[in-house]
Amino acid sequence: KFEVAWKAAVAGIKKHLVKTSAGPKKLTYIAEMEGGRSIPKMDHLVCFLAGSLALGSVHGVGDLELAKKIGETCIEMYDTPAGLAPEIVHFHDQT
């Protein structure tokens, strides 16, 4: 069933991939996993996850707070001289 798979996927993301950057902004991002360890970088396409989590929260299977945090990070990605976000952003982990 889709709902069971969705809940398992979101739980896995929250357990293994949700990270907070160091620095004053403490941005929430979704790390990549490689060889069993997390890599502190986020692809710009992860920004779509914010919408999926927000939509899921309407149906009781998402996480609106996490969606907001990821959305805020995505907005920060566009804070460049050209106003364009990079394809991949590397973070300094809080840990």
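Hydrophobic clustering (side-chain heavy atoms under 4.5 Å, transitive across Ile, Leu, Val, Met, Phe, Trp, Tyr) keeps Phe48 apart from Val18. Linking Ile, Leu, Val, Met, Phe, Trp and Tyr whenever their side-chain heavy atoms come within less than 4.5 Å puts Met33 and Ile70 in one cluster.
In this structure, Ser21 and Phe91 approach most closely via the heavy-atom pair CB-CD2, 3.8 Å. Of all the heavy atoms in Ala67 and Ala54, the pair that sits closest is CB-N, 3.7 Å. Nearest heavy-atom pair, His16 versus Ser38, reported as atom, atom and distance to 0.1 Å: O-CB, 4.4 Å. Counting all heavy atoms, side chain and backbone alike, Lys41 lies closest to Glu32 at CE-OE1, 2.9 Å. Minimum interatomic distance between Val61 and Val10 (heavy atoms only, all atoms of both residues): O-CG2, 4.5 Å. Nearest heavy atom pair, residue Pro40 against residue Tyr29, reads CB-OH, 3.2 Å.
To the nearest 0.5 Å, the span separating CG on Leu66 from NZ on Lys14 amounts to 6.5 Å. Summarising the geometry, atom SG belonging to Cys47 is positioned 9.0 Å from atom CD1 belonging to Ile75; distances are rounded to the nearest 0.5 Å. The NE2 atom of His44 lies 9.0 Å from the CD1 atom of Ile88; values are rounded to the nearest 0.5 Å. Taking OG1 from Thr73 and NZ from Lys26, the interatomic distance works out to 13.0 Å, rounded to the nearest 0.5 Å.
The shortest distance between side-chain heavy atoms of Ile13 and Ile30 falls below 4.5 Å. Leu53 has its side chain out of reach of Leu64: every pair of non-hydrogen atoms, C-beta onward, lies at least 4.5 Å apart.
Exactly one of Leu27, Asp93, Ile39, Thr28 qualifies for a side-chain contact (heavy atoms from CB on, under 4.5 Å) with Lys19. That residue is Asp93.
Between Glu72 and Lys68, no side-chain nitrogen of the basic residue sits less than 4.0 Å from a carboxylate oxygen of the acidic one, so the salt-bridge criterion is not met.
At distances below 3.5 Å, at least one donor-acceptor pair connects side-chain atoms of Thr80 with backbone N or O atoms of Gly83.
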